[in-house]
Amino acid sequence: MFSKETYIARRRVLAKEVGKGILLFPGNGESSVNYRDNWYPFRQDSSFLYYTGINNVPELFFVIDIDNNTEILFGDNATPEDIVWTGPIPPLNELAERSGITCLKPLRELQDYLLKHRESGNSLHFLPPYRSAVSILLEKLLEIPVARLEEYSSEQFIKAVVKQRSVKTEEELEEIRKAVNTTVAMHTHAIRNARAGKSEKQIAGELQGIAIGGGGNISFPVILTRDGGYLHNHASDTVLQQGDLVLCDCGAETAMNYAGDMTRTFPAGKTYTTQQKEVYNIVLDAHNSAVEELRPGVLFKDIHLLACNRLTQGLKDLGLMKGNTEEAVAAGAHALFFQCGLGHMMGMDVHDMENLGEAYVGYTDTLQKSTQFGLKSLRLGKALEPGFVITVEPGIYFNPFLIDSWKVEKKFTEFINYDRVNRFRNFGGIRIEEDFVITSSGKTLLGEPLAKTTAEIEALIAR
Ligand code: GLY
Ligand code: MN
């Protein structure tokens with residue numbers, strides 16, 4: 001937890017930005033796996049955590065009454081009987097004190113409190129819920145049907161939270177660097193140990209162990225696969241074979257829930273084949289070209305399109321695409337090979353604030369998200385600002401189902417050499433991903449550098 005001054009200052013900025021009314025933050029509860037008392041690892045709601053710093057205690061609500069300049073933590077202390085099972089849990093007054101919250105009330109008083117304020121005409125702001133248990137609680141507390149909660153959630157509140165959480169402070173960057181360094185350790189282990197004969201899941205388990213050993217957990221389920229042609233193909237029982245190309249996309253989050261997210265693609269044997277190197281170097285060129293352009297004021301959408309142009313040029317050199325590069329990208333033909341976006345915001349969520357809506361996090365009133373295949377999966381399009389933390393993750397993915405369906409439809413035959421593409425249908429995929437903070441003059445890589453060229457990766461395998 002940061003010092004209480006951090007949380008007090010964050011809440012002051014938020015209250016000023018929203019201006020009036022009640023801000024309601026539901027904390028997360030435990031979530032059952034297969035029976036009530038067997039839980040998934042507890043994960044606090046990121047906005048609750050950002051404004052209170054209180055983690056690892058389920059079923060809390062936090063309220064800011066802007067007009068009356070009051071903050072209240074609603075919750076119940078663990079009973080001695082609870083503690084029989086869990087061990088000591090810090091009392092709520094201690095947690096509230098560490099967060100600079102002066103008023104504590106039992107949970108049973110929350111509903112009356114909220115209804116009373118609503119009756120007196122105060123606007124009640126809440127963020128769109130993403131967990132069904134929280135939706136059901138809000139339905140009961142606010143007397144709004146679950147199906148209408150999103151519609152009643154507060155755009156003003158969403159915009160204020162996004163504005164504040166998008167710009168990372170130095171103490172946040174310190175946490176993110178910690179997360180990225182654990183992520184680098186995971187990748188170093190994967191590159192050195194994901195050899196033929198081991199199953200994808202065996203290695204993924206080892207990586208999860210490194211993340212947990214780093215003090216937090218994984219920031220999303222490990223993607224480690226010889227079938228990297230599918231964007232988010234999680235580790236399976238498949239055993240790696242000589243000649244396979246392994247795509248590993250994984251990240252750690254710290255105990256304070258700040259995330260890392262990186263991807264490397266490496267051979268299950270000791271070296272890349274010539275063909276693997278050729279495709280790898282196209283992705284690396286797109287990655288480096290995109291990184292070069294990171295600076296405040298530049299639309300991330302334009303950097304995405306630049307990366308698409310570089311990928312298309314490389315695919316043309318390889319004989320898989322043809323025609324005018326810019327026209328191919330404008331038409332969306334390159335999306336046969338790059339079906340997603342160049343990157344996303346990262347922070348307390350690996351896709352930061354995605355629960356608040358991509359339209360608010362990645363776009364503006366004047367820059368709306370495209371509906372074109374490929375571009376519609378770009379989560380961040382707007383202009384970069386100092387303090388933004390983002391990923392850069394171009395890739396080339398050979399998806400046999402997509403290749404076959406486009407070929408039957410004769411889609412973009414002026415830009416795609418389907419016969420030649422067909423020779424790569426079982427190639428898999430390559431992605432290279434790193435995390436950056438935008439600075440006043442450009443960008444800085446987060447975390448320790450990790451082997452990135454084919455020569456550096458082969459050297460790391462050989463060590
Ligand atoms: N690394 C997973 C993702 O960015 O979606
Ligand atoms: Mn990512």
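Just follow the structure's listing: the first ligand is 1, and inside any ligand the first atom is 1. This is a predicted model, so every value here is computed, not measured.
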Taking atom types as modelled and ignoring hydrogens, do the side chains of Thr391 and Asp435 form a donor-acceptor contact shorter than 3.5 angstrom? no
Steps toward salt bridge (Lys or Arg N to Asp or Glu O under 4.0 Å) verdict (Arg43, Glu253): CA-CA 11 Å; Arg43 179 56 160 82; Glu253 66 177 19; 3.0 Å; yes
His344 atom (N/O/S) at minimal separation from the Mn ion (ligand 2): NE2
Hydrogens and angles aside, do Arg177 and Tyr258 bring a side-chain donor and acceptor to less than 3.5 Å of each other? no
Hydrogens and angles aside, do Thr254 and Glu175 bring a side-chain donor and acceptor to less than 3.5 Å of each other? yes
For atom 3 (C) of ligand 1, find the nearest protein heavy atom and state the residue, atom name and distance (0.1 Å precision). His351 NE2, 3.0 Å
Pair Glu434 + Lys452, salt bridge at N-O below 4.0 Å: yes
Metal proximity, Glu393 vs the Mn ion (ligand 2), N/O/S cut-off 2.8 Å: yes
State the atom name: nearest N, O or S atom of Glu433 to the Mn ion (ligand 2). OE2
I need the atoms of ligand 1 closer than 4.0 Å to a non-hydrogen atom of Phe220, numbered in the order shown. 1 (N), 2 (C)
Tell me which protein heavy atom sits closest to atom 2 (C) of ligand 1, plus the residue, atom name and distance to 0.1 Å. Asp249 OD2, 3.4 Å
The test is salt bridge (Lys or Arg N to Asp or Glu O under 4.0 Å); show your working for Lys201 and Glu206 and say whether it passes. CA-CA 9 Å; Lys201 273 191 179 167; Glu206 291 165 13; over 6 Å; no
Under 2.8 Å from the Mn ion (ligand 2), is there an N/O/S atom belonging to His351? no
Do any N/O atoms on His232 end up under 3.5 angstrom from N/O atoms on ligand 1? yes
Could you tell me if Asp45 and Tyr50 have a donor-acceptor pair between their side chains, going purely by distance under 3.5 Å? no
The atom name of the N, O or S atom in Asp261 nearest to the Mn ion (ligand 2) is OD2
